[in-house]
Amino acid sequence: MPSGGYTLAAYEWNPAGQRTVLLVHGWEHRASFWGAMAAGLVAAGYRVVALDGPAHGASSGRRTTLPSFARAVQAVADAVGEVYAVVAHSFGAAATVGVPVRFNQATDGELPRLVLLAAPGSTTAVAQRFAALLHLPPAVVARMGRHIQEQHGRDAESFSLIQVGRQFPAGRALLFHDRADESIPFAEAEEIAANWPALTFRATTGLGHNRIMRDEGVIGEVVEWVNG
């Protein structure tokens with residue numbers, strides 16, 4: 001399907017399922033990373049939909065941004081109809097909640113169930129880690145910030161879950177984060193939870209940033225949460 005100049009690839013499991021769960025992958029991933037999670041949700045009777053984000057997987061493009069990624073999720077959400085639950089990982093969680101994506105606009109505009117895995121808390125903290133990795137000088141980092149403001153009419157931190165997560169219209173929201181996450185510090189998850197009173201926070205141990213997506217225990221808890 002089209003989205004903002006991209007052509008998106010989307011996938012569906014168990015189309016006869018009564019309720020739809022949308023899976024949103026993270027940076028440098030694709031829909032197939034959700035194989036184990038999709039299987040668990042299908043076994044519980046759900047219709048499952050996932051997309052390859054812009055410039056990821058079989059979707060078109062060579063680069064993307066957080067807002068472009070969110071627009072792609074929006075396009076898929078609008079196409080599939082009523083969405084009962086979203087499970088989003090990392091960059092996908094930031095795009096879904098931080099931009100944000102609007103679900104079920106034809107009804108009450110609320111998403112009944114939301115599950116976030118390894119979500120970054122602060123957009124500027126992500127940029128700072130990226131700058132440190134590439135040894136970028138402060139002037140370049142400052143220019144990045146100005147570019148975001150000029151392009152999107154809002155500052156980078158306004159996309160951060162620690163700022164806007166609590167405003168997201170979810171009936172019930174759950175966050176998983178591993179203490180040994182090598183990409184997003186565990187402290188950011190704690191900060192998200194501290195600033196989002198209605199959020200349920202569950203810490204894991206030994207799963208890192210990516211194995212949390214396919215761990216049987218986590219999948220079982222996700223299914224239980226969506227069922228609840």
Side-chain angles (χ1 to χ4, degrees), residues 1-11 21-31 33-34 37 49-80 83 85-105 109 111 113-127 129-130 144 147-149 151-170 173-177 181 183-184 188-189 192 195-196 199 209-210 212-213:
M1 64 184 66
S3 172
Y6 297 97
T7 300
L8 304 175
Y11 310 84
V21 180
L22 178 62
L23 306 179
V24 184
H25 69 77
W27 191 256
E28 295 186 331
H29 283 194
R30 59 190 299 163
F33 278 64
W34 287 117
M37 183 71 70
V49 177
L51 71 149
D52 288 340
H56 289 73
S59 293
S60 68
R62 294 178 58 84
R63 60 183 181 181
T64 190
T65 63
L66 191 73
S68 292
F69 206 94
R71 285 192 291 270
V73 178
Q74 186 74 67
V76 174
D78 292 343
V80 302
V83 177
V86 170
V87 184
H89 177 251
S90 192
F91 182 83
T96 299
V97 176
V99 173
V101 178
R102 305 293 184 185
F103 297 95
N104 305 324
Q105 297 179 85
L111 179 69
R113 300 288 183 270
L114 172 68
V115 180
L116 305 176
L117 306 175
S122 167
T123 307
T124 53
V126 172
R129 288 194 291 273
F130 176 74
M144 289 165 58
H147 178 77
I148 291 171
Q149 181 71 49
Q151 291 294 310
H152 306 294
R154 51 193 283 195
D155 63 79
E157 195 61 16
S158 72
F159 294 97
S160 297
L161 271 61
I162 58 175
Q163 299 290 334
V164 301
R166 61 185 176 274
Q167 301 169 12
F168 190 82
L174 173 64
L175 169 66
F176 288 93
H177 205 105
D181 191 313
S183 299
I184 308 295
E188 286 197 32
I192 294 172
N195 285 278
W196 191 340
L199 178 78
H209 190 67
N210 292 324
I212 199 169
M213 301 175 67

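The residues of the chain are indexed from 1 along the displayed sequence.
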**Asked** Atom CG of L66 and atom CD1 of I148: how far apart are they, to the nearest 0.5 Å?
**Response** 9.0 Å

**Asked** Rounded to the nearest 0.5 Å, how far apart are CH2 of W196 and CG of L175?
**Response** 8.0 Å

Donor-acceptor check, side chain of [X] to backbone of [Y], threshold 3.5 angstrom: yes or no?
X	Y	value
D52	A31	yes
H177	E188	no
T7	S60	no
S59	A9	yes

**Request:** Check step by step if side-chain contact (heavy atoms from CB on, under 4.5 Å) holds for R71 and Y6.
**Result:** CA-CA 10 Å; R71 285 192 291 270; Y6 297 97; over 6 Å; no

**Message:** A70: which residues meet the side-chain contact (heavy atoms from CB on, under 4.5 Å) condition with it, sequence neighbours left out?
**Reply:** A95, V99, V101

**Complete:** Sorted by chain and residue number, the side-chain contact (heavy atoms from CB on, under 4.5 Å) partners of A55 (sequence neighbours excluded) come out as T64

**Message:** When you compare the side chains of S160 and Q163, does any donor N or O come within less than 3.5 Å of an acceptor on the partner?
**Reply:** no

**Request:** Show your reasoning for whether side-chain contact (heavy atoms from CB on, under 4.5 Å) applies to N210 and H29.
**Result:** CA-CA 10 Å; N210 292 324; H29 283 194; 3.0 Å; yes

**Minimal non-hydrogen separation, S3 against L8, with atom names** = CB-CD1, 3.5 Å

**Validation row: L22, V73 side chains within 4.5 angstrom (heavy atoms)** = yes

**Fill in**
Residue set satisfying ring pair (Phe, Tyr, Trp, His ring centres under 6.0 Å) with F69, at least two apart, ordered chain then number -> H25, H56, F91

